[in-house]
Structures are given as C-alpha cells and as structure tokens.
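As structure tokens, the structure follows; a few thoughts come after it.
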Amino acid sequence: MNNTLENESDNRGEGKSSINFIEAIINEDLKNGKNDGRVHTRFPPEPNGYLHIGHAKSIILNYGISRKFNGKFNLRFDDTNPTKEEQEYVDSILDDVKWLGADWEDRLFFASDYFDQLYEWTEKIISEGNAYVDDQSAEIISEQRGTPTKPGIESPFRNRSVEENLDLFRRMKAGEFPNGAKVVRAKIDLASPNMHMRDPVMYRILHANHHRTGDKWCIYPMYDWAHGESDYLEGITHSICTLEFEVHRPLYNWFVDQIIEGEYRPRQIEFARLNISYTVMSKRKLLELVKDGYVSGWDDPRMPTICGLRRRGYTPESLKMFAEKVGVAKRDNIIDVALLEYSIREDLNRTASRVMAVLNPLKVVITNYPDDLEEELLSENNPEDPDSGHRMLPFSKELFIEKEDFMIDPPKKFFRLAPGQEVRLKNAYIIRCESYELDENGEVKTVFCTHDHETRSGGEGSGRKVKGTLHWVSAKHAVDAEIRLFDRLFIAESPEDVPEGVDYKVNLNPESLQILKNCKVEPGLKGTKPGDKFQFQRIGYFCTDTDSTADNLVFNRTVPLRDSWTKTNK
RNA sequence: UGCCUGAUGGUGUAAUUGGCAACACGUCUGAUUUUGGUUCAGAAGAGUCCAGGUUCGAGCCCUGGUCGGGCAACCA
C-alpha cells in the first residue's frame, strides 16, 4: 500500500498549522484522561454507491487524526440495508480508500459482523422494558410520530408485556412474519422535541439476501441502532460524521447507554460536509448522472467521485493537500473548484515530466533546413526536479505547432509566430516566419519559416532572446493521439440551486467534454501506460487514460496550466 | 408556531480563549524565465450579521433580534 497520507504534515511554507475544532476536542478528552488516552477513528461507508471527494475529505480527516494522535483507524461498512447494498460497491470503496493511502491494517469490519451481538442486546433492552414490538404499518407509525411542532402519540402496542415482546421478536427473527408486518421500537419519548427520540425503529423485517450474511437474517437493524453499537464494539473513541447527524446524537448516546459497561464511551462529533462550486455531491444525483448516461460511468473524469478524479489524473497527495487547505468546521461552505485545481497543479508541477504535445496541429516548414537531416535535441524532463534527467527529441524540417500559436494579423504583445516575427522553438532553434499558405477555405495550411542555425539550444549562440517560446513536434516522428479535454460538469456555481420545479440538470454544461482526434505527440509517449502523468508543455497536465493502447493513445486533460495570456485577452 | 446548529475579505480557514483580525486560494502589479508555467517581490480587499450590555479594552462574554443549514424514511 502506498503511504501518501503517512507524513504528519508537509511543512512547505513552514506555517504552523492551526488545529481544527475536532482536534481541540480530542486534546481536551486526552487532557481529561478519557478512554485511557486512546484515540480511535473510523470511516463507515454504506456500500450503496461510489465514494466521492466529500468522502475523501472524511477519510483523510479520520485517518489523519489517527496518525496525528498515535491512534488507530478502522474501515467499517455500514451494511444494514441489504435492499440497497451490493458487493460491487464494497469492492470500489476498498479500492478507493486503499488508493488514498488510508491504512486500516487488519481492521476491516462490517456492521453485519455484529448482527448477533445486536440481536442479543435487543433482547436485553426488551427485557428491561425499553423496547417493544409494534404491529402497525409504516404509515400509521409515521402519522403517530407527530410533527416537529406537534407531539406524537403512543402506539397501542407500546405497553405489551416483556414476554409477549420477546416472543414476537424471536418469531420476527424466525421469519414468521412478512416484510413490514412488525418492527421493534425503542421506548423513549413520543413527546420529545427531537423527532428521532419518538420511539425510533430499531429493527425492520426484510426478507432479503444480504451480500455477506446471505439468508441468515430476515430482520435488519436500523442505522441509529447499529452505528453507535458498532463504534462501541470496535472501541472507537471519536465517531466523526457530518452535520445532518447532529440531531441523531442524543439517540446515539441513548443506545450506547443501554449497553455500556465500564468507563469507555464513544463520542459522536459532527462537521460540515464538503461542497464544491460547479459540482453536485449527492449520491442520488451522481447515481442519476451515471444511470441516465449524462456521463460515461462512475469513473467518468468529470465526476467528483474518487475513481473519477483518479482517472482524471488527480493524485492522492493532491487530494490530501486539498483537504488540508479546505479545513474542518461546522459552517456550511462552498469551496472554489480553483482550490482543487491549485492542489493538483502544485503536486504535478514538481512530479510530472514535461513533454511535447500539439493539440491542434499546424504544419511548419523550415525552408533553410536540410531536407533529410534529423537531429536529436536534448530536453529536460522536469526543470523543477533536477533528478528527473533528460531525453532526446527528434527534430526535422517539417514540424507541427499549435494552431493558436500563429496569427496572420496578431494583436500587440502576441509573442508567438506571425509574419516577420521570431520565436524560439523549445529546446531547438529560433525561427522566423517568412510566409504562409492558405487552403481552399481560407484557413492557414502551412507556415514557412527560416531557422537561425546558431541559436540551437545549448549551443554558442543560444543566448539570444526572443519574446516567445513554442512547443512543437517533428512531423515525421510525431505519434497520433486522442486527447480529451474536460471542463466543469455544470455551468452554475451551485447547480442544485434551482427554482421550484426546475431540474438541476438544466445546469449541465453541454461542453464539458471535448474530444480532439488528430493530436500529435512526441514519439516517447508511445509506450505510456494508463495513469501516467505528464505536463504537456505550455498546455496543461494530462494523464494516460484507461482506454489508451499502444496503437490508440488517449490522454485526459487533468487541468490546464494557469494562463495569464488568454485571460488578459478576454 | 417546535427542536438542533451556524454566522470573520470574493471563497475557505485562523486569531495564545478579552488586548486594535492572520494564512491560503482567487484578483491585480512588477521582476525572473528557452513553458505567457514555476519562482520571487508587492498591492487591493473584512473592522468580524444587527442592536444593546459587561469591561480600560469584545470577533471572542451576556441579552434580544436577523439570516442560513439540518430534523417528521421500516435510508444511511
């Protein structure tokens, strides 16, 4: 397993990192000697969908805390609803957490591991008169529960005898009743201002096959009943979750109170979930985008899923830096996507090899260069990394440059190629545009240049300065490639923020995917493998897509380079 | 009309828990540069939701408002 999350803190910037409110709570607990000074966190996904960057934040937070406080971190699947959960999701989640570098060591658990214990405890709670079997339908129970402003009323079955409850519960387990016929409810308080305390359901009957326990059970525990107890069984000290569970905390504590023995007690702490501009994060909406074909799948590089980001070219390290910059707090937030992009650029800038790739090729002929001469020119792999070495790039009379790097009638400060103007070809020569040729549509077809042989990079006369430097690729050596350019999936900053009755999908960006077919890349890219990361010089960071083969290279644009030129020209 | 919870530059997050608001992203200058990238130097931008109060002193404490988010699944 990689260990990108291991390093306590990267001290780039040397700033003293301030501590977030959760760490402050943990410090306080430690000071008070709680739980024998143990710190133990967990990440508890439900295997009913793919993980997204919000989960990544949570994983990084929980794992990071376990590292920081010398504690432990568990991965636990909250698999209490067999009607929604599948092995496919378990597998993808395992992959994603592993890829992020969060190490659960030998502590991979499932809430379903605890079904027997939960069942026993339920008998105990029933025996103590604190839970009962209710025969009513979901609709009736819901009605009786009242509303936030109106107290609920008691079920006619609320005061059954312990014996009857026990008997019914055992028969529920034995499969004597159909789905929905009965539930077990905690006996708490129908008048509580907190809806979750109005005799919440602990068990429902579900004759369904579970991905791990098969047909062993036909009753399944509800989240509230299973979660705190699972934490308790695993010795979790700080059970970190998102804000919507804040109202569940009294119930979490109530359930723990029913079974607690001794000093140890898990504690639930809530933080605000991550939101990112121009993105949707809800599982339901992400599923819809996949199911209805708005994207190619869960790992579509435009998706905010972990597998999508991975395919897009994001690194675990970049997501960790992102999570650190975002911070942890309780107020609602919308993080600027620019911060995400900044994070991946920062990582890739120091690690990605610089290569030559031309997205929209324009033929250049060096008229004073020998017809059959071929040179090998020395090229640095990464100026930010002295250890990255060099490689040789073939150069010849005919080249491709980027279409947008030539203009017949350029504006002031266009430091690129134009009639009479000089530019440097990166790692090669300074050339001057002498003329150009149009095709039948009036488009520039070929640009004719002369080169100054004295100016070859690294040579005697290479010191001469020109205003612009272009990337290029030798026409006869170039390799064809398909390049996929991604833009934000939504055009609205808060896509879900739509008027009544309007679907958020109206905010989908129709131009979020652009596929370029006849791109020309340097020959060294021929042997690239999916996941390899590069900087296409002057353009952006790219990675080899999983669709790529030796005969059909496919690259994804992870993120463009910052570009102050097109910006000033808008 | 109930309960829980939050409010600090455009966006996030800080502020030794009472001592005249910091860092990052973004924005804008300028320098360097064989990537209009990187790097470097600098600038603008909040007086901390509002109104009272306590105090020599309040973003931090108190009172009352305002606004935002969450809560009524046999989902998690």
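Throughout, a chain's letter reflects where its sequence line sits, starting with A, and its residues are numbered from 1.
A donor-acceptor contact closer than 3.5 angstrom links the side chains of A/T242 and A/E244. Using modelled atom types, one finds no donor on one side chain facing an acceptor on the other under 3.5 Å when comparing A/Y541 with A/E341.
When heavy atoms are screened at a 4.0 angstrom cut-off, A/A138 is found touching base atoms of the nucleic acid. Within the nucleic acid shown, A/S137 comes within 4.0 Å of at least one base atom, counting heavy atoms only. Among the atoms of the strands shown, base atoms are found under 4.0 Å from some heavy atom of A/V183. Among the heavy atoms of the strands, none lies under 4.0 Å from A/E404.
Residue A/K325 contributes atom NZ, which lies 14 Å from atom C1' of B/A14 at whole-angstrom precision. Here B/A76 presents its C1' atom at 13 Å from CG of A/L51, a figure rounded to the nearest Å.
A centroid separation of less than 6.0 Å is found between the aromatic rings of A/F395 and A/Y429.
The closest donor-acceptor contact from the side chain of A/S388 to the backbone of A/N382 lies under 3.5 Å.
B/A14 and B/G59 have their C1' atoms separated by 11 Å, given to the nearest Å. Distance noted for atom P between B/U29 and B/G70: 40 Å (whole Å).
One finds no side-chain N or O of A/S18 lying less than 4.0 angstrom from the OP1 or OP2 phosphate oxygen of B/A15. For the pair A/R204 and B/A76, the criterion of a side-chain N or O lying under 4.0 Å from OP1 or OP2 is met. Phosphate proximity of B/C75 to A/Y223: absent, as no side-chain N or O sits under 4.0 Å from OP1 or OP2. Distances shorter than 4.0 Å separate none of the side-chain N or O atoms of A/R185 from OP1 or OP2 on B/C74.
The existence of a salt bridge linking A/R464 and A/E454 is excluded, since no basic side-chain nitrogen approaches an acidic carboxylate oxygen closer than 4.0 Å. Between A/R456 and A/E375 a salt bridge is recorded (basic side-chain N to carboxylate O distance below 4.0 Å). The pair A/R76-A/D231 meets the salt-bridge criterion, with a side-chain N (NZ, NE, NH1 or NH2) lying under 4.0 Å from an Asp/Glu carboxylate O. With respect to the salt-bridge test (charged N to carboxylate O, under 4.0 angstrom), the residues A/E28 and A/K31 qualify.
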Walk me through whether A/F415 and A/W565 qualify under ring-ring contact (aromatic ring centres under 6.0 Å, His included). CA-CA 10 Å; A/F415 301 148; A/W565 166 245; 7.1 Å; no

How would RNA chain B look in dot-bracket form, 5' to 3', counting Watson-Crick and G-U wobble pairs with both distances under 3.5 Å and writing | for bases paired to another strand? .((((((..((((.....[..)))).(((((.......))))).....(((((..]....))))))))))).....

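A syn orientation is assigned to B/U17, its glycosidic angle lying within 90° of 0. In this structure B/G47 sits in the syn conformation; its chi angle is within 90° of 0.
Partners of A/Y223 according to the ring-ring contact (aromatic ring centres under 6.0 Å, His included) rule, which considers only residues two or more places apart in sequence or in another chain, are A/H227, A/F245.
Closest to the A/A338 side chain, of the nucleotides B/C75, B/U13, B/C25, is B/C25.
Each side chain to side chain donor-acceptor pair (under 3.5 Å) pair with one or both residues in residues 325-338 of chain A, not counting sequence neighbours, appears once here: A/E246-A/K330.
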Using a 4.0 Å cut-off on protein heavy atoms (strictly under), produce a 5'-to-3' string for nucleotides 27-37 of chain B with B for base contact, S for backbone-only sugar-phosphate contact, and - for none. SS-----BBBB

In 5'-to-3' order, the base (B), backbone-only (S) or no-contact (-) status of each nucleotide in nucleotides 66-72 of chain B, using a 4.0 angstrom heavy-atom cut-off, is ---SBSB

Which letters describe nucleotides 40-45 of chain B, given B = protein heavy atom under 4.0 Å from base, S = only from sugar-phosphate, - = neither? ------

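For the residue pair A/V183 and A/I141, the shortest heavy atom distance occurs at CG2-CD1, 3.8 Å.
Each of A/R557, A/Q535, A/K533 was checked for a side chain to side chain contact (heavy atoms under 4.5 Å, CB included) with A/F542, and the lone residue meeting it is A/R557. Under the side chain to side chain donor-acceptor pair (under 3.5 Å) test applied with A/Q136, the options A/R185, A/E143, A/Q144 reduce to a single match, A/Q144.
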